[in-house]
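What follows is a short report on a single structure.
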There are 2 protein chains.
Amino acid sequence: MASLQEVARRAKVSIATVSRVLNRSDKVVPETRAAVEQALRELDYRPSRVARRLRMNSGRAHLVGLIIPDIQNPFYAEIARGVEDAAYAAEYALLLCNSDESIDKERFYLGVMRDESVDGIVLPPFDETDAAVAEFAKTGIPIVCVDRSLAQEKTDLVEVDNYRGAREAMAHLIAKGHKQIGLIEGRSHVSTSRERRRGYLDALAGHGLPVRKELMRAGDFKQESGRVLANELLDLRKPPTALFVCNNLMTVGALAALHQRDLRVPRDVAVVGFDDLPWAEALDPPPTVVRQPAYDVGRQAMELLLKRITEPGRPPVTVRLLPELVVRRST
Amino acid sequence: MASLQEVARRAKVSIATVSRVLNRSDKVVPETRAAVEQALRELDYRPSRVARRLRMNSGRAHLVGLIIPDIQNPFYAEIARGVEDAAYAAEYALLLCNSDESIDKERFYLGVMRDESVDGIVLPPFDETDAAVAEFAKTGIPIVCVDRSLAQEKTDLVEVDNYRGAREAMAHLIAKGHKQIGLIEGRSHVSTSRERRRGYLDALAGHGLPVRKELMRAGDFKQESGRVLANELLDLRKPPTALFVCNNLMTVGALAALHQRDLRVPRDVAVVGFDDLPWAEALDPPPTVVRQPAYDVGRQAMELLLKRITEPGRPPVTVRLLPELVVRRST
DNA sequence: CGTATCTGTGTAAACGTTTACAACGTTTTT
DNA sequence: AAAAACGTTGTAAACGTTTACACAGATACG
């Protein structure tokens with residue numbers, strides 16, 4: 001609550017001098033510095049981040065935004081941890097918001113970020129043509145995309161090689177002898193969905209297997225849609241013998257559907273999921289998944305953002321991390 | 001980027017008038033109002049939250065803080081969702097931080113909240129005697145505690161009846177015939193731990209069962225400690241036939257330990273956990289747990305905070321929600 | 001018709017910083 | 001010894017708002 005004014009009064013100097021002491025300016029003689037520092041201590045002075053942010057040019061607020069589509073999804077929670085740790089290490093505060101996979105909420109929070117004059121933001125855009133993010137980009141505030149990319153805007157980006165992950169998952173299933181493989185993908189205009197589907201299709205083609213359109217279903221990344229779509233696939237006249245499920249929550253949903261039908265995994269139906277699950281080992285059965293290095297995605301995104309804040313002119317870079325197939329007992 | 005100045009210039013009025021239009025003051029004649037509104041639109045004006053916060057008395061920043069011990073713990077993620085939804089509904093922005101169960105990180109983020117002049121904060125204190133929170137309380141910024149309570153400070157509080165939950169869990173185990181029941185609790189000076197232990201002890205006493213000190217172990221709420229402590233208990237000369245594990249992550253750890261030893265649950269050892277798990281049904285076996293209404297805890301905490309912000313004088317209230325025993329197949 | 005009241009708008013101060021610039025005393029240079 | 005340079009500190013403006021107060025014009029009232 002103590003302001004520069006009060007400190008200055010107590011130390012019998014001007015507010016400018018106090019400010020100089022605070023900002024480590026060398027232009028202050030040891031005596032006065034000592035006096036000021038004592039006053040600082042006595043009043044337990046803490047600078048107002050708000051006043052500082054108002055005064056300073058952008059890029060020095062030490063505040064960045066993170067918008068997450070679903071904080072209850074362990075994949076995003078892990079990204080958030082990566083971002084947060086890197087931010088904390090650099091003494092940046094983090095404005096973390098949850099858009100609930102809703103473009104309106106995303107727009108609302110982007111507005112907040114803008115109006116709070118954050119130094120930059122990290123987010124997985126709603127989809128490839130996200131207009132809200134495009135609009136935000138006009139402000140010139142740095143953006144780093146994670147997980148999902150944008151079709152139009154050129155921003156820094158940290159993503160995972162989704163195509164490769166999908167190919168590996170499919171190669172694994174095909175090697176196990178599966179020929180009828182169902183695909184449960186996410187919202188189709190999200191870049192990750194597109195890449196994973198491409199991996200699915202290319203893998204089939206690469207092994208001379210036919211594509212059956214009815215084996216491909218698009219959900220919304222939520223558990224319930226995994227359950228529903230798995231059921232749809234299993235109700236087919238010629239049901240798949242294996243499922244490739246394109247995110248963690250839908251994988252759990254699909255597993256639940258299989259349990260409910262008393263199908264044995266992997267004997268009756270094999271399952272490979274995308275994204276690791278935190279308690280994979282305790283699941284029944286522990287699922288084979290394509291693990292994404294979510295923590296690193298977050299950490300590197302934040303580091304990229306910090307670099308861009310200090311050096312706004314640098315060309316946008318894309319960091320592509322490698323996923324890893326973790327074979328457990330669902331295949 | 002457009003400021004009041006620019007809008008005023010374009011509408012050929014003073015900045016005061018623009019401000020009045022924005023704040024719905026009735027003291028402005030329709031004509032000028034229209035002119036101002038047009039300028040507002042043309043420039044796509046958005047007020048700076050920073051400048052506004054600097055100018056206004058506290059309590060009107062429309063910004064609140066939430067400090068969570070572990071955002072990757074589904075229990076806290078659910079609380080966060082509750083807080084966030086209530087905040088969003090009231091058009092409050094949320095500064096969400098993750099303290100990682102570390103008192104230093106908590107102190108850092110409390111500092112940020114203070115320096116950002118938030119209108120109030122929600123958090124589960126590190127422990128009952130949390131000095132960082134006590135210090136924060138001196139600023140007069142409203143605090144609502146969730147989940148855990150404070151011994152000294154009188155703040156609003158939303159908690160769950162932990163004692164009752166523990167009694168129910170224990171009654172259930174005892175009814176199943178268990179007489180040697182191991183306790184895996186969390187950090188001991190956290191209020192929830194104390195209450196759950198009290199429930200454990202009273203339940204034993206209430207059913208005429210002896211207390212065996214060596215059956216009681218304290219962990220740190222993390223999965224690993226659940227695994228380690230379960231192993232310790234099972235290594236006892238006279239091991240327990242049932243485990244009461246006092247949070248979700250430790251329950252998963254305990255389950256993992258049991259699996260590793262090839263013990264059948266519940267035949268060899270029964271398990272009751274505290275906190276529900278998001279994919280409980282997919283776990284092996286689906287665990288019996290004391291479910292806490294985490295979402296409601298968060299939502300009501302935020303609502304309490306909003307009330308306190310608008311009406312700072314009101315006496316602190318405690319909301320106590322009821323847990324629910326969800327019987328699945330681990331008992 | 002002069003004064004009081006009301007209505008709408010403008011002026012300026014305030015919030016708490018940072019920083020360009022001025023000011024002043026001291027030291028160096030010529 | 002006067003001029004120049006330097007080093008330390010203070011003054012004041014600026015960031016973008018809100019709002020108390022002043023002010024001017026219109027309306028009401030005696």
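Regarding Ile15(B), its CD1 atom lies at a distance of 15 Å from the P atom of dA14(C), rounded to whole Å. Between Asn57(A) atom CG and dT19(C) atom P there is a gap of 8 Å when expressed in whole angstrom units.
Distances were taken from every side-chain heavy atom of Leu54(B) (C-beta onward) to each of dG10(D), dC15(C), dG10(C); the shortest belongs to dC15(C). With distances taken from any side-chain atom of Ala16(B) to the nucleotides dG10(D), dG10(C), dT17(D), the minimum falls on dG10(C). Proximity note for Arg20(B) (side chain, C-beta onward) versus dA12(C), dG16(D), dG10(C): the nearest is dG10(C). Looking at the side chain of Ala51(B), the nearest of the listed nucleotides dG10(C), dG16(D), dT11(D) is dG16(D).
A 4.5 Å side-chain heavy-atom check between Leu22(A) and Leu40(A) finds at least one atom pair inside the cut-off.
Residue Arg33(A) has no polar side-chain atom (N or O) positioned under 4.0 Å from OP1 or OP2 of dT9(D). Proximity of Arg60(B) to the phosphate of dT19(D): a side-chain N or O atom is located under 4.0 Å from OP1 or OP2. Taking 4.0 angstrom as the limit, Thr17(A) places a side-chain polar atom (N or O) nearer than this to OP1 or OP2 of dG10(D).
At the heavy-atom level, Val28(A) lies under 4.0 Å from the strands shown only through sugar-phosphate atoms. When heavy atoms are screened at a 4.0 angstrom cut-off, Arg46(B) is found touching the sugar-phosphate backbone but no base atom. Among the heavy atoms of the strands lying under 4.0 Å from Ser3(B) are primed sugar atoms or P, OP1, OP2 only; no base atom is included. Among the protein residues, Ser48(A) comes within range of the sugar-phosphate backbone only, with heavy atoms under 4.0 Å from sugar or phosphate atoms but none that close to a base. Counting any heavy atom pair closer than 4.0 Å across all strands shown, Val50(B) reaches no nucleic acid atom.
In this structure, Arg107(A) forms no cation-pi arrangement with Phe126(A), as its terminal cationic atom is not both closer than 6.0 Å to the ring centre and no more than 45° off the ring axis.
Contact between Ala87(B) and Met302(B) at its shortest, heavy atoms only, is N-CG, 3.7 Å. Smallest separation of non-hydrogen atoms from Glu153(A) and Ala137(A): OE1-CB, 3.7 Å.
Taking the six-membered ring where tryptophan is involved, the planes of Tyr88(B) and Tyr109(A) are tilted, since the angle between them lies from 30° to 60°.
Side chain Arg53(A) to base dG16(C): no donor-acceptor pair is found below 3.5 Å.
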